[in-house]
Amino acid sequence: MRIHFKTGYGQDIRLFEDSREAVQNALLILAAVSAPWWLDEYMLGEVTYVLIWILAGLGLMILAGHTGQPSLGHGAFLACGAYMEVILLEAGVPFVLSLPLAGLFAGVVGAVVAIPALRMSGIYLAIATLAFGIMTEDIIILLTPWTGGIEGVFTPTISLLGIEIDRYGDPDRFYWLCLFVVILITVGYKNILRSPTGRAFTAIRDSEVSARAMGVNVARMKTLAFGLSCFVTGLAGALLAHYLTAFNYEAFLILISIQLLLMVTVGGLGSIHGAYYGAIVIGLLPVVIATLRQEISDFLGAGNSSVPGMETAIFAVIIVAFIIYEPLGIYGRWTKIRIWLELFPLARKDMFRRQKSYLKTERMK
Amino acid sequence: MSLLSVRDLSISFGGVKAVDNVSFDVEPGEVFTIVGPNGAGKSTIFNLISRIYDPSSGSISFDGQDITRSRADEIAPLGIARTFQNIELFEHSTVMHNLLVGQHSRRTTSWLSDALFLPATRREEHNMREKAEQVIDFLDLQPYRDKLIAGLPYGVRKVVEIARGLASDPRLLLLDEPASGLSVEETQDMAFWIEDMQKDLGITILMVEHDMSLVNQVSDRVLALADGRSLAFGTAEEVQSHPDVIAAYLGVEEDA
Ligand SMILES: Nc1ncnc2c1ncn2[C@@H]1O[C@H](COP(=O)(O)OP(=O)(O)OP(=O)(O)O)[C@@H](O)[C@H]1O
Ligand SMILES: [Mg+2]
C-alpha cells in the first residue's frame, strides 16, 4: 500500500496522485505515440478503432458512470457527430472546426434530449433512451437529403492545416489524430472529476436529495452531464465517420448503443479507466474469439464445422459473468488484485465487501 | 428578528395531515429542539424547510426572506444546512469528497473553467480544501479523512454528515435525530459538539431528537408535536412536564 504524506492542499488537487502514477502515464503515452513503429498496419487499424470506442465510452461514462444516468441510446449521438462531420466538411468547413462543431452539435442534441429525461431515473430513463436509440435509424432515413438515407455518405478526406490525413493512405497520422483527441478529452475529464462540476455529478449519482440540499441544481447539472457526455460521444462519431470512410444508417443500429453501455459496465462504471478497459475488451474480444475459434470448436467436439452463434454466446457469457461477479468491472477487479499484491501477505478475504453497483433504479430519500 | 420563522405550516399525504398548522420562530444563536412521538411530523417539517416537500398552506421565511416557494437547491446558498434522519451521504466517495460537495453552494467557477482547470478553479479547490480541513479538525475526523463512506461505522457517518453541513459555513443547521443509534459516549460527544457549534461557531441549531438527556443538555427552547400539531412550547423541563405531552407519549405507549 502506498502511503502519501500530505504536506499541502496542492497535493490533493494534482492530476496524478504521486510521481509513480505520473511516470506510468508518461510511459503509457510514449508507448501509444510510438505504436505506428511497432505495430503492423492491420493492428494499428484495430487499435485506432479501439481508440474511437474509448472516446465514445468516455462520453457515456460521464453520464452513466459518474452521474448515474444510464443511456441505452448513445449510438444516436455517435450518429449525430458522424453525419454532422460529413455535412460540415462537404459545406467546406475546415476540419479543425468541423470536428469540434460536430461534437457540439451532438452535445446540444443531448442537452435537449435531457429536458424530458430530467424527470426520469433508473429503469425508466434506460427505456426512454432505448426508444431514442431505436428511433435513430428511422430518423436517419427520414433525413435522407442530409444523411444519404439507405445509400449512405462518403466522408471527405481530412485536411488538417494543409496536412492530408487519409485513413487508408496515412494510417499513422489518423491514429495520432485519434490518440490526440482521446488524450485531450481524458485530461479534461480528469479535470472535471477533481473540481466542483465532477463532484456535483457524483453527488447526484449517490444521493439526489442530498445533492439538492447541498445546493446542487440537479436539473441543470444533469443537463450539463448529458451535454458533455453527448459532446464527447459526438466527437467519437465524427472520427468514426473518417474511420469508416463510407457509411449509412446501418452503422448506428440499436446494437451499437447497447454495446456502448455494456462496454462501460464491463470496464467499470464510475472510473475513467473503465472506459479504456471496456473498449479494449469489447473492441478486441471478437478478434481473440476469431483466433481461438478452432480450439473452442475442438473443445466443444464440433470438429471443423463452426458452432453457429458462438461468438455472440461467448460475448454474452463474459458480460453476464462480469455483471454478477464483478459489478465494478475490470477496473474494480484490477484494483483489488493490485491492493492484494501490495499488501501481500497481509490481505484478508473479507477486505472487499461486496459493493453495491452504481446504477440504481428508483431511490427514495 | 428571528432567523427562521414558520407560520401556520400544513401538509397532508393522502388525507393524513402530517403537519397541521404549526408555527414557531427560531432566534439567532439558540438551539431549538422539536420533540414528539414517532410519526409526529418532525422530519416532515425539516423536509418542508429544505423545500423537498411543498406545503399545502402556510409560510416559511429565513432571515426575513420568504422561502416558501424557493427551489430545494436555493436553500443551501442562503446559509441553511441539514442532516438526514437516515444518513444521506455520498456513499462511494471519501469523507473529504463529501465535505467538498458540502461546499457546493459557495462555488464560483463554471464547468468550462473546471474542465480546463484554470487558475480560478485551482484557487477555489485550494480554499475548499482548507475549509474542509478546518471542519475535519473541529470534529476530530482526521483518521477518516480519505476513507470511503461505505466502510465507516454508523457513529462516524453521523458525525461526517454534520461535518458536511458545517463545511458550507451555515447560519442555521438542521439536525434530524443526531443521537439516534449512537452509544452513550457518542451521544455525550454529540452534546459537546452541538454546544461548540452554538458557542464557538455561532451557528443556530434546529434539532429533532428523541434522547431526552441530550435535549435537556443542549436545548434553549423546545417544541413538542404530536400528530402534526404543536402541543407545548417552552424550556425542556416545562415541555416534559406538560400534561398534553405526557398524554401524547403515554398514548403512543398504550398503542404499542
Ligand atoms: N413522502 C411521504 N408520503 C406519505 N406520507 C408521508 C411522507 N412523509 C411523511 N409521511 C407521513 O407523515 C407523518 C409524519 O412523518 P415524519 O417522518 O415527519 O415523522 P417523524 O416525526 O419524523 O417521526 P420519527 O420520529 O419516526 O422520525 C407520518 O405519518 C408519515 O407516514
Ligand atoms: Mg423523523
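The sequence lines fix the lettering, A, B, ..., with proteins before strands; numbering per chain opens at 1. The figures here come from the full heavy-atom set of this structure, side chains too, leaving out hydrogens, waters and symmetry mates.
- Contacts of B:Ser168 with chain A are absent, with no heavy-atom separation under 4.5 Å from either backbone or side chain.
- For the set B:Thr109, B:Ile149, B:Leu89, B:Leu100, the entry with the most heavy-atom pairs within less than 4.5 Å of chain A is B:Leu100.
- Judged by a 6.0 Å distance limit and a 45° cone about the ring axis, A:Arg199 is not positioned over the six-membered ring of A:Phe201.
- Looking at B:Glu88 and B:Arg164, no side-chain N of the basic residue comes within less than 4.0 Å of a carboxylate O on the acidic one, giving no salt bridge.
- Between B:Arg82 and B:Glu161, no side-chain nitrogen of the basic residue sits less than 4.0 Å from a carboxylate oxygen of the acidic one, so the salt-bridge criterion is not met.
- Within the 4.5 angstrom heavy-atom criterion, no atom of B:Gln85 approaches chain A.
- In terms of modelled atom types and a separation under 3.5 Å, the side chain of B:Glu74 and the main chain of B:Arg71 share a donor-acceptor contact.
- Judged by distance alone, the side chains of B:Thr94 and B:Tyr144 never bring a donor and an acceptor atom under 3.5 Å apart.
- Interface remark: of the candidates B:Ala115, B:Ser110, B:Gly102, B:Ala115 forms the most heavy-atom pairs closer than 4.5 Å to chain A.
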*Pair B:Phe32-B:Ile205, side-chain contact (heavy atoms from CB on, under 4.5 Å): steps then yes or no*: CA-CA 6 Å; B:Phe32 189 106; B:Ile205 292 170; over 6 Å; no

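- Counting heavy-atom pairs closer than 4.5 Å to chain A, the top-ranked of the candidates B:Ala76, B:Gly165, B:Ser93 is B:Ala76.
- When A:Asn217, A:Leu193, A:Leu228 are compared by the number of non-hydrogen pairs under 4.5 Å with chain B, A:Asn217 comes out ahead.
- At a 4.5 Å heavy-atom cutoff, B:Ala81 makes no contact with chain A through either its backbone or its side chain.
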